[in-house]
There are 2 protein chains.
Amino acid sequence: MEAYYRDIDRFYIAVDCIIFGFSKGELHLLLLKRNFEPAKGEWSLVGGFLKKGESIDQTAKRVLYELTGLDQIFMKQVGTFGEVDRDPGERVVSTAYFALMNINDYDPELAKKYNAHWIKLSELPPLIFDHHIMVDKARKMLQNHVPNELISFNLLPKLFTLSELQLLYEAIIGKPLDKRNFRKKVAEMDCVEKTNEKDKSGSRRGAYLYKFNDLIQN
Amino acid sequence: MEAYYRDIDRFYIAVDCIIFGFSKGELHLLLLKRNFEPAKGEWSLVGGFLKKGESIDQTAKRVLYELTGLDQIFMKQVGTFGEVDRDPGERVVSTAYFALMNINDYDPELAKKYNAHWIKLSELPPLIFDHHIMVDKARKMLQNHVPNELISFNLLPKLFTLSELQLLYEAIIGKPLDKRNFRKKVAEMDCVEKTNEKDKSGSRRGAYLYKFNDLIQN
DNA sequence: GCAAAAGTGTTACTTCTACACCCATGA
DNA sequence: TCATGGGTGTAGAAGTAACACTTTTGC
């Protein structure tokens, strides 16, 4: 180590993940009912600590991978939380990331193993530390980004109906949308493509399935 | 320390400040020509290390205060940069903040003492480490926030003319605006108030001075 | 009296919002 | 045949963008 750094304090650095999923018209979060210390028995986000050889983005990916077995999940940094007493056990600075995934991609066996649960955003339990602040900020980011950018499409299956897409939008922004106006706007998006397949599960008539094409960039 | 944390790595945590100022129709950054190690002789943002007893926001305030003697400066977190090799000397995770200040509030004596310089954004020199990435992200945030929120007004003196305000907007978004449309929009902002004073320095006729009132919240 | 910046309205265009009915199909 | 969700167009409102001339006054 260079002499310059000799007198400087060092800290634990954590990553906490706000994992959004979408099901039945509602946004959900993947939360842990902690069966480990600290704060055993309470609800928390999924987290982990930065290790020497990895970047902080890699830590986030790893934490998510360990829990879900999935990589290639869209993640975005929410912010860094560094209040002195945010973790009452030790001084830990935590960087929050939000992740968007399709609930159906998550193996229920893994959920059991880690005691992880999809909880409706409308029914969030109290969370440990400052995790609710992280969640609030992530929600706001999601709301701000959806109208402009085309994030959020990691929340749906590969093929989806326009009704499903609209429900997702409504869940994110928290208010109902006009069906015709919504479809007009989607029609103008280059990145959403109609397929020839139909989904017959939602109605007798059946609805065309759509997909995202290569023009999306998160 | 609790047993739980025993095997976890600890890291240096830095804060780097992107300090924006506005002068003569152009945005500037306050940069250090480093007369200290590491990277002596090169240009960098102003930074400092997190200490045990302070929150990361407090570190940012302190770093700025030590350089400028000013507190009460508007700051906002830009993001956290944690690539393994971003600082070639040691593993350091850095959280960037941007700050907005009036160039005239900065004491030139302090500038000399720390070898700090206001550099036009259009003429940025190469910066050490990943500082240019931080600057880019801060600029984008500034651009995104200006049209909606009313940030940016920390960049002007207490009293200012509409021409000055327009120049500032143009500098931030990087393109010219229509004078009449701009004034119309300002007139609709509750937080900008006309005063009875005039500034005669910019023209023979003189321009009314305006101020921000209490309705601004950053 | 003229140079130099301050100030001021109107019109076309684009975007957004609100709104209601027919369609296709399986049961 | 009917219940269910799928699909479609238009008109008014609001907001945005483009545009040119008069005013004031120190020199």
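Small disclaimer: the values here were computed from a predicted structure and weren't measured. Sequence lines set the chain letters: A, B, ... in the order given, protein chains first and strands last, and positions in each chain run from 1.
The CD atom of A/E188 sits 8 Å away from the P atom of C/dT15 (whole-angstrom rounding). One can place CZ of A/R183 at 7 Å from P of D/dT8, the figure rounded to the nearest angstrom. A straight line from NZ of B/K198 to P of D/dT24 spans 9 Å, rounded to a whole angstrom. Rounded to whole Å, atom C1' of C/dG7 lies 13 Å from atom CG of B/D178. Distance, B/Y169 OH to D/dT16 C1': 16 Å, rounded to whole Å. For the pair B/L165 CG and C/dA6 P, the computed distance is 13 Å after rounding to whole Å. At whole-Å resolution of the value, CZ in B/F182 and C1' in D/dC19 are 18 Å apart. One can place CD1 of B/I173 at 13 Å from P of D/dT16, the figure rounded to the nearest angstrom.
Nearest to the side chain of A/R205, among D/dA18, C/dA6, C/dA24, sits C/dA24. Nearest nucleotide to the side chain of A/K184, out of D/dG9, D/dG7, C/dT10: D/dG9. Of the candidate nucleotides C/dA18, C/dT8, D/dG7, C/dT8 has the atom lying nearest to any side-chain atom of B/R180. Closest to the side chain of B/K185, out of D/dG9, D/dG7, D/dT16, is D/dT16. Distances from the side chain of B/N181 to the nucleotides D/dC27, C/dG9, C/dG7 place C/dG9 closest.
Residue A/S163 has a polar side-chain atom (N or O) positioned under 4.0 Å from OP1 or OP2 of D/dG6.
Less than 6.0 angstrom separates the ring centroid of B/F160 from the ring centroid of B/F212. With ring centers used as reference points, B/Y169 lies under 6.0 Å from B/F182.
Using a 4.0 Å heavy-atom distance criterion, B/K200 is classed as a sugar-phosphate-only contact. No contact: A/T161 has no heavy atom under 4.0 Å from any strand.
Remark: B/K194 qualifies as a cation-pi partner of B/Y208 under the 6.0 Å distance and 45° angle criteria applied to the six-membered ring.
If A/S203 and A/K179 are placed on DNA chain C by their nearest nucleotide, the residue sitting closer to the 5' end is A/K179.
A 4.5 Å side-chain heavy-atom check between B/L155 and B/M101 finds every atom pair outside the cut-off.
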- Task: Apply side chain to side chain donor-acceptor pair (under 3.5 Å) to A/S55 and A/D57, showing your working.
- Result: CA-CA 5 Å; A/S55 75; A/D57 286 354; 5.3 Å; no
